[in-house]
There are 2 protein chains.
Amino acid sequence: MKGKMTRKHIVELADRLFYQRGYEHTSFADIADSVQISKGNFYYHFKSKDEILAAVIQLRLENTRNMLLKWEDEGERPEDRIKSFIYILIANHADIKMYGCPVGTLCTELAKLNHASKAEAKELFSLFRTWLSRQFALLGRKEDADELAMHLLARSQGVATLVQAFQDERFIRHEVEQMCDWLSCMTSATQLTHESGGTYERDDSGT
Amino acid sequence: MKGKMTRKHIVELADRLFYQRGYEHTSFADIADSVQISKGNFYYHFKSKDEILAAVIQLRLENTRNMLLKWEDEGERPEDRIKSFIYILIANHADIKMYGCPVGTLCTELAKLNHASKAEAKELFSLFRTWLSRQFALLGRKEDADELAMHLLARSQGVATLVQAFQDERFIRHEVEQMCDWLSCMTSATQLTHESGGTYERDDSGT
DNA sequence: ACTCTATTAGGACGATCGTCCAATTTAAGA
DNA sequence: TCTTAAATTGGACGATCGTCCTAATAGAGT
C-alpha cells in the first residue's frame with residue numbers, strides 16, 4: 001500500500017529529472033536524493049534504470065492522452081482544439097526555454113543512445129499526430145489531414161528548439177501568432193490547396 | 001609535425017561520434033578506438049574531454065562558414081542561396097534520419113548538461129541566422145529579415161526532429177516543397193505582410 | 001501480542017568513466 | 001651520428017556509474 005506511493009513519487013521525480021537533465025545524465029543517486037529514499041529501495045520497485053524510463057514514458061503517455069481528451073471537451077470546434085495545441089508553447093514557455101520540448105528532446109536522446117524504449121517515446125509524438133490529424137479531418141481536410149498534423153508538429157518542435165537555444169520568449173509569441181494565422185486561413189478558405197494527397201508512411205511497427 | 005595530423009584526426013572522428021552518439025554517450029575509449037591511437041596519446045593533444053568538444057565546435061563553425069560562403073558564390077540571387085539552405089535537409093537526409101540535425105541536437109544536449117561550451121554551440125545557429133537574415137534583407141525584406149530567418153531555421157529544425165522520430169524521408173521532401181513555395185510567394189509578392197517589425201532580442205552575451 | 005509479508009536502508013560489487021603519469025619510441029636538427 | 005624534443009604507449013588512479021544483496025524495519029491481519 002505504502003509502496004505504491006513511493007513508486008509513484010519515484011516516477012514523478014524521475015520524469016522531471018529526465019526532462020531537465022536528460023535521461024543519461026540523470027543518475028540513480030540524483031533520483032534517490034530527489035525522492036529522499038535510499039538507493040537500495042529503488043530496486044525494490046524497479047529492476048533497472050531502463051524500467052524507470054519505461055514507467056516515466058507510460059506516465060507521460062497517460063498524461064498526454066488525458067490532456068488531449070480535455071482539449072476535446074473544452075473546445076467544441078476543431079480549430080479551437082488545434083489552438084489548444086498551439087498554445088502549449090505559451091503555457092509551457094518557461095520550461096521550454098530552459099529544457100526544450102519534453103517529447104522532442106527525449107526522442108532525440110533515446111535515438112542517439114539507440115535505447116530500447118525509443119519506440120515507446122515515439123508513441124508520444126504519434127498521440128499528437130493522430131489527434132491533430134483527426135481535428136484537421138473534422139475541418140474538412142480529410143485528404144491531407146496527416147500532412148497538416150505533421151506540419152504543425154514540426155513547427156512547434158522547431159520553435160521549442162530555437163527558443164531553448166536563443167533564450168528568447170518573444171520568438172514563441174510571434175510564431176504562435178503565425179501558426180494561428182495559418183490555421184485561420186485554412187478555416188476561412190474552403191480547401192484551397194489540395195496538393196499531392198496521401199498520408200506519410202506510418203512506421204508503427206517498432207524497431 | 002606528425003602530431004598535428006593526429007590532432008586533426010581526433011577532432012574529425014570525435015565530431016562524427018559526438019553527432020552520432022551524442023557528446024556524453026561518447027567515451028574516450030570510443031574515440032581512441034576510432035582514431036586507433038592509445039588512450040594516453042589523447043591527453044598529449046587535449047587536456048580534457050571538454051577541450052575536444054571545444055575543438056569540434058570550432059571545426060563545425062569553420063565548416064559552416066565555408067559552406068555559407070560557397071552558397072553565396074554559387075547562387076547569384078538571394079532566393080537561390082536560401083534554397084541552398086533549405087536543400088541541406090535533402091542533401092543530408094540519410095544522416096538526419098538517423099541522427100537528427102547536428103546543430104540542434106548538440107545545442108539541446110549541451111543545454112541539458114549545462115555545459116560550458118553551450119554558448120559556442122549556439123553560435124552555430126547564429127551563423128545560419130545572420131546569413132539567412134542577410135539574404136532576406138537582400139530580398140527587400142529588411143524590416144522582418146531576422147524574423148524570417150528564425151522562422152525558416154525553426155521549420156528545418158522541426159522537420160529534422162520529426163524525420164528522426166518517424167523515420168520517414170518523404171516528409172522531408174514534402175516540407176521542403178512547402179518551404180520553397182513559401183519562399184516563392186515572398187519573392188513574387190512585393191512585401192505583402194509587414195507585420196509588427198523589429199528584431200528578436202539577440203542574446204549574444206553568453207551565459 | 002504475534003506472525004508474516006511488504007517495504008526500506010545501507011553498503012559491497014565489478015565495470016567504466018575521465019584523468020594523469022612514467023617510460024618508450026619516433027623523428028628532426030646539428 | 002648523436003642529441004633532443006615531439007609524439008606515443010599502456011597502465012594506474014580515484015570517482016561514479018548501475019546493479020545487487022542482506023539485514024533491519026514497518027504494518028496489516030490473525
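The structure displayed is predicted, hence computed values, not measured ones. Just so we're on the same page: letters track the sequence lines, and every chain starts at 1.
- By the side chain to side chain donor-acceptor pair (under 3.5 Å) test, A:His25 pairs with no residue at all, sequence neighbours left out.
- Using a 4.0 Å cutoff on non-hydrogen atoms, the parts of residues 21-28 of chain B near DNA chain C are B:Thr26, B:Ser27, B:Phe28, ordered by number.
- With sequence neighbours excluded, the residues forming a ring-ring contact (aromatic ring centres under 6.0 Å, His included) with A:Phe28 are A:Phe42, A:Tyr43, listed by chain and number.
- Of all nucleotides listed (C:dT8, D:dC20, C:dC20), C:dC20 comes nearest to the side chain of B:Tyr43.
- Identified under the side chain to side chain donor-acceptor pair (under 3.5 Å) test for residues 13-23 of chain B, with sequence neighbours left out: B:Asp15-B:Arg60, B:Arg16-B:Asp95, B:Arg21-B:Asp30, B:Tyr23-B:Asp50.
- With sequence neighbours excluded, the residues satisfying side chain to side chain donor-acceptor pair (under 3.5 Å) with A:Gln135 are A:Arg81.
- Remark: B:Thr105 engages A:Lys112 in a side chain to side chain donor-acceptor pair (under 3.5 Å) (not counting sequence neighbours).
- Contact annotation: A:His45 reaches the phosphate of C:dT8 (side-chain N/O to OP1 or OP2, under 4.0 Å).
- Atom-to-atom distance recorded for B:Leu89:CG and B:Ile96:CD1 is 5.0 Å, nearest 0.5 angstrom.
- Put simply, B:Thr6 has no side-chain N or O that comes within less than 4.0 Å of OP1 or OP2 on D:dA7.
- Within residues 32-41 of chain A, the residues that place at least one heavy atom under 4.0 Å from DNA chain C are, in residue-number order, A:Ile37, A:Ser38, A:Lys39, A:Gly40, A:Asn41.
- Under the side chain to side chain donor-acceptor pair (under 3.5 Å) criterion, A:His93 pairs with A:Glu169, sequence neighbours left out.
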Whenever both distances are under 3.5 Å in a Watson-Crick or G-U wobble pair, mark it; put DNA chain D into dot-bracket that way, with [ ] for crossing pairs and | when the partner is on another strand.
||||||||||||||||||||||||||||||
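- When distances are taken from the side chain of B:Ser48 to each of C:dT19, C:dT8, C:dC17, the shortest belongs to C:dT19.
- Every residue two or more places apart in sequence or in another chain that forms a side chain to side chain contact (heavy atoms under 4.5 Å, CB included) with B:Glu120 is listed here: B:Ile57, B:Gln58, B:Ser117.
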For a quick test of your reading: what N or O donor-acceptor pairs under 3.5 Å do the side chains of residues 68-78 of chain A make, sequence neighbours left out?
unit_1, atom_1, unit_2, atom_2, d
A:Glu72, OE1, A:Trp131, NE1, 3.2
A:Arg77, NE, A:Asp80, OD2, 3.1
A:Arg77, NH2, A:Asp80, OD1, 3.1

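- The salt bridge (Lys or Arg N to Asp or Glu O under 4.0 Å) test applied to A:Glu12 returns no partner, not counting sequence neighbours.
- Across the protein-nucleic acid pair, A:Tyr44 atom OH and C:dG11 atom C1' stand 20 Å apart, rounded to whole Å.
- Note: A:Phe171 and A:Phe166 fail the aromatic proximity criterion, with ring centroids not under 6.0 Å apart.
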